[in-house]
There are 2 protein chains.
Amino acid sequence: MHAADPVALLRGSGLRVTRPRVAVIHALEQHPHAEVDRLAEVARADLGAVSTQAVYDVLRALTEAGVVRRIEPAGSPARFELRVGDNHHHVVCRSCGAIADVDCAVGARPCLDASDTQGFVIDEAEVTYWGTCPDCTQIH
Amino acid sequence: MHAADPVALLRGSGLRVTRPRVAVIHALEQHPHAEVDRLAEVARADLGAVSTQAVYDVLRALTEAGVVRRIEPAGSPARFELRVGDNHHHVVCRSCGAIADVDCAVGARPCLDASDTQGFVIDEAEVTYWGTCPDCTQIH
DNA sequence: GAGTCAATCTTGAATGATTCAAGAAAACAT
DNA sequence: ATGTTTTCTTGAATCATTCAAGATTGACTC
């Protein structure tokens with residue numbers, strides 16, 4: 001898990017290379033699963049100034065280009081990660097909101113067969129595990 | 001899937017029986033997976049008037065009492081259902097937002113074993129299937 | 001390297017869902 | 001019936017996100 005080159009990542013996806021975009025990708029490398037506010041902060045530390053709106057725009061563009069993945073655990077604002085394309089899931093800590101990646105035990109496309117899909121055509125199974133993170137378990 | 005008696009449901013959970021609560025439970029019976037607005041509308045048709053805030057309060061009380069379950073699919077406001085306690089999941093239509101229940105194929109507590117849980121203690125696995133509902137598939 | 005045009009960023013306001021807060025009304029126990 | 005506590009009403013606040021208009025910038029062409 002070492003840093004991809006933001007510029008290469010953008011070029012490779014046919015996206016313009018701008019300072020805000022590079023900074024946001026950089027922020028995502030350092031802070032996987034961060035929310036918009038946090039990413040904006042980190043990007044600002046890098047650039048001096050970026051509007052929050054720009055960060056929203058960047059994240060939207062990156063998400064639409066398939067460079068980042070957006071997740072929205074219940075009760076949390078949207079979070080973003082660069083790890084994309086593989087089928088991985090997330091554990092969310094009920095007490096502090098920490099999130100970690102989890103590879104599904106079942107296989108490459110886990111849980112994709114539900115017993116009765118009610119006539120729906122399913123293209124993705126999103127799994128969210130809920131529990132308590134190591135830190136919160138210790139303190140309790 | 002026939003209607004539970006709202007009054008019995010409330011009494012059984014140690015909750016006061018009020019007109020708004022009975023009406024919201026009634027609305028939930030008729031409209032599983034409905035969002036707050038919709039439930040408030042339906043409850044109003046029943047009672048004449050209820051404040052939206054009251055509906056929020058009722059849903060919170062019912063959720064905390066374990067009488068209803070709250071789900072929040074990405075991109076949607078919260079939705080509520082009376083079916084609770086069993087381990088069932090949901091399919092969400094990407095185009096119209098329709099939601100249906102899905103029993104997991106794996107077993108009673110499906111997907112509860114993730115390969116590597118990063119030290120988290122997991123107590124629930126929430127699965128959201130994404131796809132297209134029968135209606136939206138037909139029209140396309 | 002300058003000119004051009006579309007894409008992107010800035011600023012400021014709007015929206016939607018949800019929560020907070022204070023007082024009025026209603027439910028339940030006695 | 002009466003009192004106490006919970007719940008409902010009304011009105012405002014908050015948070016995350018989106019919309020909109022104009023200024024700036026990236027990348028392509030000459």
Side-chain angles (χ1 to χ4, degrees), chain A residues 6-27 33-44 46-65 67-80 97 99, chain B residues 6-27 33-44 46-65 67-80 97 99:
Chain A
V7 176
L9 204 56
L10 288 167
R11 289 247 151 77
S13 308
L15 294 172
R16 287 195 179 178
V17 178
T18 68
R19 289 169 58 60
R21 284 180 179 173
V22 173
V24 168
I25 292 174
H26 217 83
H33 313 127
E35 34 197 85
V36 178
D37 271 1
R38 186 102 190 69
L39 293 170
E41 268 176 34
V42 176
R44 257 168 221 134
D46 207 331
L47 297 177
V50 215
S51 68
T52 302
Q53 183 58 52
V55 177
Y56 272 100
D57 288 347
V58 166
L59 288 168
R60 164 174 305 229
L62 293 176
T63 303
E64 282 172 0
V67 176
V68 315
R69 179 173 163 196
R70 174 192 181 121
I71 60 174
E72 289 181 53
S76 161
R79 288 157 180 270
F80 299 84
I99 298 185
Chain B
V7 175
L9 206 56
L10 289 167
R11 289 247 151 76
S13 307
L15 295 172
R16 286 193 179 180
V17 178
T18 68
R19 288 170 58 61
R21 285 180 178 173
V22 173
V24 168
I25 292 174
H26 216 83
H33 312 128
E35 34 197 86
V36 178
D37 270 2
R38 189 102 187 67
L39 293 170
E41 268 177 33
V42 176
R44 258 168 221 134
D46 208 331
L47 298 179
V50 214
S51 69
T52 302
Q53 184 58 53
V55 177
Y56 272 100
D57 288 348
V58 167
L59 289 168
R60 162 173 308 229
L62 293 177
T63 303
E64 283 171 0
V67 176
V68 315
R69 179 172 163 196
R70 175 192 179 120
I71 60 174
E72 291 181 53
S76 161
R79 288 158 180 269
F80 299 83
I99 297 185

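We use all heavy atoms of the structure for the numbers below, so side chains are in, but hydrogens, waters and symmetry mates are not. Just so it is clear: chains get the letters A, B, ... in the order the sequence lines come, proteins before strands, and each one is counted from 1.
Candidate nucleotides C:dA7, D:dC8, C:dA27 were compared by shortest atom distance to the side chain of B:Arg16, and C:dA27 ranks first. Comparing C:dT10, D:dT17, C:dT18 by their nearest atom to the side chain of A:Asp57 picks out C:dT10. When each of D:dT17, C:dA17, C:dT10 is scored by its nearest atom to the side-chain atoms of B:Pro77, the top-ranked nucleotide is C:dA17. Picking from D:dC8, D:dT9, C:dC9 the nucleotide with the shortest atom distance to the side chain of A:Ser51 gives C:dC9. Taking only side-chain atoms of B:Gln53, from C-beta outward, the nucleotide of D:dC8, C:dC9, C:dC20 with the closest atom is C:dC20.
The residue among B:Thr18 and B:Tyr56 whose nearest nucleotide of DNA chain C is located toward the 5' end is B:Tyr56. With the nearest nucleotide of DNA chain C identified for both B:Arg19 and B:Arg70, B:Arg70 has the one nearer the 5' end.
Using a 4.5 Å heavy-atom threshold, the side chains of B:Val58 and B:Val50 count as separate.
Each of B:His33, B:Glu35, B:Glu72 was scored for a side-chain hydrogen bond (donor to acceptor under 3.5 Å, both in side chains) with B:Arg79, with one residue passing: B:Glu35.
Within the structure, a side-chain polar atom (N or O) of B:Arg60 is placed less than 4.0 Å from OP1 or OP2 of C:dT19. The side chain of A:Arg11 contributes an N or O atom lying less than 4.0 Å from OP1 or OP2 of D:dA27.
Between the side chain of B:Arg21 and the main chain of B:Arg16, a donor-acceptor pair closer than 3.5 Å is present.
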